[in-house]
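Given the structure is predicted, the values throughout are model-derived calculations rather than measurements.
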Amino acid sequence: MSSDHVHPAERSATAAGAPLSSAETPFLELLARGASADAYEQPVLLARAEGRPTEQIVALEQAKLLALRVRSELEGRRRREAELSALFETAHDLAGLRDLDSVLQAIVQRARSLLGTDVAYLSLNDPARGDTYMRVTEGSVAARFQQLRLGMGEGLGGLVAQTARPYVTDDYFKDDRFQHTLPIDAGVRDEGLVAILGVPLMLGHHVIGVLFAADRRARVFEREQIALLGSFAALAAAALDTANLLTETRSALADLERANEIIRDRSGVIERASDVHDRLAELVLRGGGVHDVAAAVSEVLDGAVEFADAAAAPARALEASRAEGHAVRHDDDWIAAVSAGGELLGALVLRGHPGLDPVDQRTLERAAMVTSLLLLARRSAAEAEQRVRGELLDDLLDARDRDPRLLRERAARLDADLDATHVVVAARLEAAAADADQEADARRRLWSAASHLAATRHGLAAARDGGTVLLLPLEPGDTATDLARRTARHLGTAVHEAVTVGSSAPVENLAVHPDAVAAAYEEGRRCLDALRLLGRSGDGAAAEDFGFLGLLLAGDRDISGYVGRTIGQVVAYDERRGTDLLRTLDAYFACGMSPARTKDALHVHVNTVAQRLERVGRLLGEDWQSPGRALEIQLALRLHRLSASAQR
């Protein structure tokens with residue numbers, strides 16, 4: 001039989017698995033090299049062009065149809081393999097989920113690639129805002145489209161979300177099955193989309209978003225493509241669910257970790273609080289002091305805790321702590337007021353510890369309460385000593401005990417030294433009391449504060465004449481004025497009221513001359529009265545602060561002291577150099593402070609007068625010619641002349 005003719009029996013044999021005929025050979029070659037569907041027409045067309053017999057052409061047509069079916073089956077299998085591979089890879093990505101955005105991006109990319117669309121994108125519902133938004137896009141070029149936010153039920157996605165079923169449109173703008181809105185239509189138009197397929201993202205029975213595939217031309221999406229996109233949507237939903245579970249798990253773990261940290265921290269704080277409670281109780285039982293409390297709290301709180309007098313602590317923070325009853329932060333420190341009743345006794349100061357735990361703060365406050373109890377206990381024990389101190393000072397003021405040895409012994413038992421230089425200070429409250437009880441209470445508080453001050457300064461204190469009197473030692477380099485002012489501030493801070501203080505000039509040898517104490521007290525009282533008359537209530541001063549008026553206030557009329565303070569430097573200069581500055585001053589004031597008349601009175605050149613007055617200015621200060629200073633200098637010159645005449 002000729003090769004140009006195929007017998008029907010051969011075709012039957014070929015179909016039954018017999019050796020292939022020559023008609024099938026070219027199509028096998030096309031299948032082998034994966035030619036396009038159009039290429040399968042070439043063998044038939046060539047046979048017709050060559051004028052081959054009809055039987056052969058029919059055989060070729062049948063072989064072509066069979067080859068195309070095989071080709072379609074092979075393409076379907078390859079497509080399903082690619083789809084399964086993509087789904088497998090996506091599931092693998094999901095199993096090792098680390099970055100949700102990366103997984104969602106991979107899902108959208110693979111969906112676009114397998115469906116062969118121009119664009120793929122995924123939107124998610126936003127329950128907080130009640131709308132839906134673009135989460136991932138692939139192939140999109142329009143910024144407005146990528147930033148779309150859609151109201152629930154709007155657009156094709158809204159239809160998918162409402163029905164929980166896939167929807168496809170061949171021509172978006174001609175489809176009236178869903179609600180068109182200007183923002184959505186503008187975004188779709190910017191992107192140039194025509195055919196759109198949307199499938200729901202489901203978690204249980206709830207739609208959480210929509211996965212889309214879209215083309216910029218009219219297109220019919222096949223059933224297999226819709227199913228494939230639905231599979232990707234299921235994986236995307238699983239990825240979101242897994243991510244949410246991971247987020248919740250991580251959040252729960254973080255919460256547990258924070259709870260464990262808080263429990264550990266609270267446990268440590270409670271242990272510290274228990275420790276400090278035991279230590280403070282032990283200190284109270286064995287009679288510990290304020291500094292022992294500070295040391296114990298320092299160790300427990302792991303910081304430096306100090307006890308500070310009320311005058312040494314920050315005033316505003318201390319007052320806030322006393323008013324609130326709690327420790328108060330001051331810069332990097334904490335201040336806990338130590339008070340009893342209305343009296344401020346001092347403060348516990350925790351240094352350099354800005355981040356104080358609330359329980360540790362209460363520990364500091366509890367320590368301040370224990371400190372106040374210790375101070376009160378010590379005060380009650382010291383009140384007897386204070387009464388003894390007051391009795392000794394009363395005896396000195398009344399000059400009852402003239403035996404110096406007995407006076408020294410009594411003072412030594414109170415840690416006082418009557419052979420040291422002292423000043424006598426008179427102190428009085430300025431605020432008017434509402435009634436007799438309040439006035440008595442204010443006086444008791446003043447006496448208590450004065451007694452405490454005297455005990456800490458190795459002095460004596462007593463209540464007298466509606467106020468208090470203190471006998472305080474004068475430190476080297478200190479003055480009666482400085483001591484009076486410090487005492488006024490200290491007592492005023494302690495009792496929270498203005499206290500006026502008048503001080504005597506320094507007195508010595510009190511054991512030998514106890515009557516000097518009474519005279520000094522009267523001098524201090526006169527200074528106090530002068531301060532009140534001058535409107536300087538709440539201040540402190542000594543006789544030396546009042547210029548020549550101090551001669552009237554001083555008990556011993558210390559003329560030489562006044563002269564020394566006023567013109568002593570000029571007197572000393574004349575004595576050292578043999579100059580006539582004093583005589584020049586006398587003449588200058590006698591001549592009405594006129595240099596021209598002064599040079600005539602002294603019979604010297606006017607330049608000599610000017611030079612001497614310049615020297616006086618350097619010795620007495622630039623303001624020596626002011627009216628007030630000039631008056632004091634003239635009085636001192638006259639007293640100096642009188643005392644010199646008396647000595648001659």
Are the side chains of L602 and T608 in contact, using a 4.5 Å heavy-atom criterion? no
May I ask you to decide if R444's main-chain N or O and S448's side chain share a donor-acceptor pair within less than 3.5 Å? no
Could you tell me if the side chain of K599 sits less than 4.5 Å from the side chain of N607, heavy atoms only? no
Student check: side-chain heavy atoms of V517 and V507 closer than 4.5 Å: no
Could you go through the side-chain contact (heavy atoms from CB on, under 4.5 Å) check for E522 and V424 one step at a time? CA-CA 9 Å; E522 292 301 324; V424 179; over 6 Å; no
Identify the heavy atoms of R443 and L429 that sit nearest to each other, and give their distance. N-CD1, 4.1 Å
Other residues, nucleotides and ligands only: do more than 12 of their heavy atoms fall within 6.0 Å of CZ on R316? no
Between T468 (side chain only) and A462 (backbone N and O only), is there a donor and an acceptor less than 3.5 Å apart? no
Taking C-beta and beyond as the side chain, do S503 and L483 meet within less than 4.5 Å on heavy atoms? no
Within the 4.5 Å heavy-atom criterion, are H496 and L344 side-chain neighbours or not? yes
For Y521 and R464, run side-chain contact (heavy atoms from CB on, under 4.5 Å): C-alpha distance rounded to whole Å, both residues' side-chain angles, the deciding distance at 0.1 Å, then the answer. CA-CA 10 Å; Y521 172 56; R464 181 165 287 224; 3.7 Å; yes
Residue pair S504 / A480: nearest heavy atoms and the distance that separates them: O-CB, 3.5 Å
Let me confirm one number: the CG-CD distance from D482 to E475, rounded to the nearest 0.5 Å. 12.5 Å
So which atom in A327 and which in L364 form the shortest heavy-atom distance, rounded to 0.1 Å? CB-CD2, 4.1 Å
Thinking salt bridges, do D586 and R583 make one under a 4.0 Å N-O criterion? no
Between W624 and F589, what is the ring plane arrangement, given parallel below 30°, perpendicular above 60°, and tilted in between? perpendicular
Take R618 and R615 through the test side-chain contact (heavy atoms from CB on, under 4.5 Å) and record every step on the way to the result. CA-CA 5 Å; R618 286 200 294 270; R615 172 63 62 183; 2.8 Å; yes
Return yes if some donor-acceptor pair links the side-chain N/O of D574 with the main-chain N/O of L581 below 3.5 Å, else return no. yes
Could you tell me whether the side chain of D331 and the main chain of D333 form a donor-acceptor pair under 3.5 Å? no
Evaluate the side-chain proximity of L396 to L418: yes if any heavy-atom separation is below 4.5 Å, no if none is. yes
Does atom CZ of R457 have more than 12 heavy-atom neighbours from other groups under 6.0 Å away? no
Distance, nearest 0.5 Å, that separates CZ of R351 from CH2 of W334: 15.0 Å
Output for pair (H452 NE2, H490 NE2), nearest 0.5 Å, gives 5.5 Å
Hey, does the side chain of R445 reach the backbone of V495 with a donor-acceptor pair shorter than 3.5 angstrom? yes
Nearest 0.5 Å, what's the CG-CD distance between L619 and E614? 11.0 Å
A484 versus A541, closest heavy-atom pair with distance: CB-N, 3.6 Å
Nearest heavy-atom neighbours spanning R322 and A337: N-CB, 3.6 Å
Side chain to side chain, V616 and T584, heavy atoms closer than 4.5 Å: no
Identify the two heavy atoms, one from A442 and one from E497, that lie closest to each other, and give their separation to 0.1 Å. CB-OE2, 4.5 Å
Do L620 and R629 touch side chain to side chain, with heavy atoms closer than 4.5 Å? yes
Can you tell me how far the CG atom of L446 sits from the CG atom of D441, to the nearest 0.5 Å? 11.5 Å
Decide side-chain contact (heavy atoms from CB on, under 4.5 Å) for H458 and D417; before the verdict, give the C-alpha distance in whole Å, the side-chain angles of both, and the deciding distance to 0.1 Å. CA-CA 8 Å; H458 308 291; D417 181 10; over 6 Å; no
CD (E257) with more than 12 external heavy atoms under 6.0 Å: yes
Here the gap from L472 atom CG to T421 atom OG1, rounded to the nearest 0.5 Å, amounts to 13.0 Å
